[in-house]
Amino acid sequence: MTPIPAINPNLSSIMPNVDMMTPESGSLSTNGIQMPSELAQASSVQPPGDSFSSMLGQLVSDVNNQQAVSAQTVSALQSGQSVPLHHAVIAMEEANVSFQLMVEVRNRLLDSYQEIMRMQV
Amino acid sequence: MIQIISGIQNASAALDAEQTRLDVISQNIANANTTHGVDGKPYQRQLVVFESALQQAVNSDGSLQMPPLQIAKIEKDTSPPIQIYDPGNPDADGNGLVSMPNVNINEEMADLVSASRAYEANLAVVKNSHSMAMETLAIGKG
């Protein structure tokens, strides 16, 4: 099998197949088995900033931003600045939902990884 | 930044607007008996005018997105003050008539109920979007 170039060394050491899950190479479980030539083509065609790992990193930093905004709004409210109450609550809810999204993505990733590890050869 | 909950920007802007409306109504009620304002005249009832922020919503390529609601201006109600006979009042004129603010407390209470219900409606929108997002995240569970 053709080795897949790793974009993020940390992530790829945990999950060597993570680069297969780019939009160009199809979804994880259905189109995961590909001919080596197609696989090599898919990994060479994809632009460097568009890999799944960078997308995941973007998601994590977005969630972090949401958390920071939420903390900032709440502390502004508590220190007596004229922030409406609903702004603080909505910011907290947005942070909560995006965190849940990140946790769900992580759960699905781990599930698929464990599924692959359990595979009988 | 990802837009995790759709429609929440509009609801948030509408909540802002309704909050301002509630503030203005509370100001009107608080000043219902103010016969001597800052300018020496009786307090004039204030009204909130809403508009949709269409100009800001037009993108550079000409495409439209949903315009959020915002407060256009806070106007004064220019109807004449209510004259009551009260010669003992320091603000009474030569005939003993005092100009009271043109605030009708019944109208203000009706506006208060309406603004509070509108606020609740927007809160329901936020609540619904939130529960939709959480339900969506639970796809495939259980």
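Please read all numbers here as calculations on a predicted model, not as lab measurements. Numbers restart at 1 for each chain; the letters A, B, ... are given by sequence-line order, proteins then strands.
No more than 12 heavy atoms of other residues, nucleotides or ligands lie within 6.0 Å of CD in A:Q72, so this atom counts as exposed by the packing criterion. Atom CZ of A:R118 has more than 12 heavy atoms from other residues, nucleotides or ligands within 6.0 Å. Counting heavy-atom neighbours within 6.0 Å of B:M134 CE, excluding the residue itself, gives a total above 12.
One finds the NE2 atom of A:H86 at 10.5 Å from the CD1 atom of B:I8 (value rounded to the nearest 0.5 Å). B:T136 contributes atom OG1, which lies 12.5 Å from atom CD of A:Q100 (distance to the nearest 0.5 angstrom).
At least one side-chain heavy atom of A:P84 sits less than 4.5 Å from a side-chain heavy atom of B:D16. At least one side-chain heavy atom of B:L15 sits less than 4.5 Å from a side-chain heavy atom of A:I90.
By the criterion of side-chain heavy atoms lying less than 4.5 angstrom apart, applied directly or through intervening Ile, Leu, Val, Met, Phe, Trp or Tyr residues, B:M132 is not grouped with B:V125; the two fall into different hydrophobic clusters. No continuous path of hydrophobic side-chain contacts links B:V48 to B:L112 [ILVMFWY only; heavy atoms under 4.5 Å].
At a 4.5 Å heavy-atom cutoff, the contact between A:E104 and chain B is made by side-chain atoms alone.
Across every non-hydrogen atom of B:L137 and A:V97, the tightest pair is CD1-O, 3.7 Å.
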